[in-house]
Amino acid sequence: MHDIRALRETPEPYIKGWDAKGLSGSALVAQILDLDGKLRAAQHGWQTAQAERNDASKKIGAAKAAKDEAEAARLMAQVEALKARLEAEGEAETTATQALQDLLSGLPNIPATDVPAGADEHDNVEVRRWGTPFAIANPKDHATLGEALGLMDFEAAARMSGSRFVVLKGPLARLERALGQFMIDMQTQEHGYTEVSPPLMVNDAAAYGTDKLPKFADQLFQTTDGRWLIPTAEVPLTSLVMGQIVAEEELPLRYTALTACFRSEAGASGRDTRGMIRQHQFYKCEMVSITTPERSDAEHERMVGCAEAILKRLELPFRTMLLCTGDMGFGARKTYDLEVWLPSEDRYREISSCSNCGDFQARRMDARTKAAGEKGTRFVHTLNGSGLAVGRTLVALMENYQDEDGRIAIPQALHPYLPGLTHIGGKG
RNA sequence: GGAGAGGUGGCUGAGUGGUCGAAAGCACCGCACUCGAAAUGCGGCGUAGGUGAGAGCCUACCGUGGGUUCGAAUCCCACCCUCUCCGCCA
């Protein structure tokens, strides 16, 4: 959500920010200021009417106390005459509030000033690269490898669930589980995140607070009783501070969770239909940081490092991209994507996304912090990042560690999690 | 699912139709006392919005949404949540 007062006082950053996101900033700001003006006029009218009523009501009380029934009756008639106006003014106020709220809640965060301008993913900026893609002759994709091993079954998944699901078996199922354990252990034991086992279903308020609603309802699965399956653990982890006032000395709060994630992928038909790159259900290790405005940029860099560390430990080549204004998500003011090398596609593919949302989500969910000795509160800054997407890591691992016989080597870092297993497939 | 109790400010907790935005305590801030601190005393202390040059004034907010009333924290209805007991259950 946006700070209407800031927008009113200095609209330029909003105009520029929305322009950079491909929207018409000046038109939007003009529309917002118009609605805001109407709202304030409506508020003023309503409040004036209420003040009159309140004043008369008090006098009625006084008149009745003084046993002056004639005066009381006269005043009651006066208030009665006010009623229609009061109702109309109240309705106007509600309508104006709703109109402004509807417009604002659907508008994305504005980019940080150091985010490169650009229209789409082609304008993202590579900030660093780690590792060298392995030389693999005629690399097979993970689906081919998995099916050949008899450990990955898309057809069985389609029979019971439909497209965009997969069944993993035997050592491949075990590998997926080991990857998740490995990731969450690193984030908790080496990077200081607190492990959380959160609900996988949330209510409207949590989905709204993390900017999934109202705009992206069609990307979510909803339960019959109106709850939402989480598309990422960012939603419950960030919602831990929803409506809370956190003492500043307790910040930063760093949470991590290994959960299933559910996405409808509406509008993605035809994209990544083969394999397990884009599924309705996948596991992800998520990191969330809650911090102060002063420290959020540093926390963001730190978080990217925590995600990169996983890929380094797994010895998977990747590059770190700073997303341009046009490619960032709805709630982010700055985002880094990690892209891992996929031999079968001969290119880097997204495996993690780390975003600093500033106070955008905090305003929506009313998450504040209070410094000791200070009078007021401030909105916290929220950050989230994948560390990492387990399914895509499994894909990267299979493709990068395949040999010519279709066997898959297990990297050193996972050996403690897979005792006795150095390869999947073949005779090993 | 059934029966009951309850949701009030940062926290605890009074308030059951008329200056109640709300007693009291705790916490917090200022001042006094003190070499300093503690203790004590005095004062202050919710949030959001509107309006005004400013002091200030006005409006809303007592789980949420409706309703009754001239007037609702207080009465009525629905929903949400918490707790206790019973039932069912991984």
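To find a chain, count down the sequence lines: A is the first, B the second, and so on, and within it residues start at 1. Since the model is a prediction, treat every value here as computed from it, not as a measurement.
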**Study point:** Pairing partner of U69(B) (Watson-Crick or G-U wobble, both distances under 3.5 Å)
**Key:** none
**Study point:** Base-pairing mate for G36(B) - Watson-Crick or G-U, with both contacts under 3.5 Å
**Key:** none
Review point. Between residues 199-210 of chain A and RNA chain B, which residues have a heavy-atom gap below 4.0 Å?
Key: none
Point to revise | Residues R392(A), F282(A); criterion side-chain contact (heavy atoms from CB on, under 4.5 Å); working and verdict | key: CA-CA 9 Å; R392(A) 289 190 180 182; F282(A) 59 96; over 6 Å; no
Review point. Within the structure, does a side-chain N or O atom of R368(A) lie under 4.0 Å from either OP1 or OP2 of G10(B)?
Key: no
Exercise for review: Please check if the side chain of T292(A) supplies one atom and the backbone of R295(A) the other of a donor-acceptor pair under 3.5 Å.
Suggested key: yes
Practice item. Mind checking R8(A) for me? I need base, sugar-phosphate or nothing, with any heavy atom below 4.0 Å counting as a touch. Key: sugar-phosphate
Point to revise | Base partner of A55(B), which must satisfy Watson-Crick or wobble distances under 3.5 Å | key: none
Point to revise | Parallel, tilted or perpendicular, as decided by the 30° and 60° cut-offs, for the rings of H300(A) and Y336(A) | key: tilted
Study note, to complete from the structure: The complete set of side chain to side chain donor-acceptor pair (under 3.5 Å) pairs with one or both residues in residues 15-31 of chain A, sequence neighbours excluded, reads none
Study note, to complete from the structure: When both distances are under 3.5 Å in a Watson-Crick or G-U wobble arrangement, the nucleotide paired with C79(B) is G63(B)
Practice item. Take V166(A) and Q279(A) through the test side-chain contact (heavy atoms from CB on, under 4.5 Å) and record every step on the way to the result. Key: CA-CA 8 Å; V166(A) 68; Q279(A) 303 265 282; 3.3 Å; yes
Check your understanding: Using a cut-off of 4.0 Å on non-hydrogen atoms, how would the nucleic acid contact of K59(A) be classed: base, sugar-phosphate, or nothing?
Key -> nothing
Point to revise | RNA chain B-proximal residues of residues 84-106 of chain A, any heavy atom under 4.0 Å | key: none
Exercise for review: Return the nucleotide paired to C89(B): Watson-Crick means purine N1 to pyrimidine N3 with N6-O4 or O6-N4, wobble means G-U with N1-O2 and O6-N3, both under 3.5 Å.
Suggested key: none
Could you run down the sub-3.5 Å N/O contacts of the protein with nucleotides 58-61 of chain B?
| from | atom 1 | to | atom 2 | distance (Å) |
| --- | --- | --- | --- | --- |
| U59(B) | OP1 | N54(A) | ND2 | 3.2 |
| U59(B) | O3' | Q50(A) | NE2 | 3.4 |
| U59(B) | O2' | Q50(A) | NE2 | 3.0 |

Practice item. Send over the distance from E71(A) CD to G18(B) C1', rounded to a whole Å. Key: 16 Å
Practice item. Taking salt bridge (Lys or Arg N to Asp or Glu O under 4.0 Å) as the test, write out the residues that go with R363(A), two or more places apart. Key: D3(A), D359(A)
Point to revise | Nearest-Å distance for atom pair NZ/P, residues K370(A) and U47(B) | key: 10 Å
Check your understanding: Closer to the 5' end of RNA chain B via nearest nucleotide, is it G61(A) or D36(A)?
Key -> G61(A)
Review point. Quick one: which of G18(B), G49(B), G10(B) gets closest to the side chain of R5(A)?
Key: G49(B)
Point to revise | Closest nucleotide among G10(B), G50(B), G18(B) to the S57(A) side chain | key: G18(B)
Check your understanding: Mind checking who A27(B) pairs with, Watson-Crick or G-U wobble, both distances under 3.5 Å?
Key -> none
Polar-atom pairs under 3.5 Å, protein N or O versus N or O of nucleotides 62-65 of chain B: list them with distances, or write none.
none

Review point. When all nucleic acid strands are considered with a 4.0 Å heavy-atom cut-off, which category describes I60(A): base, sugar-phosphate, or nothing?
Key: base
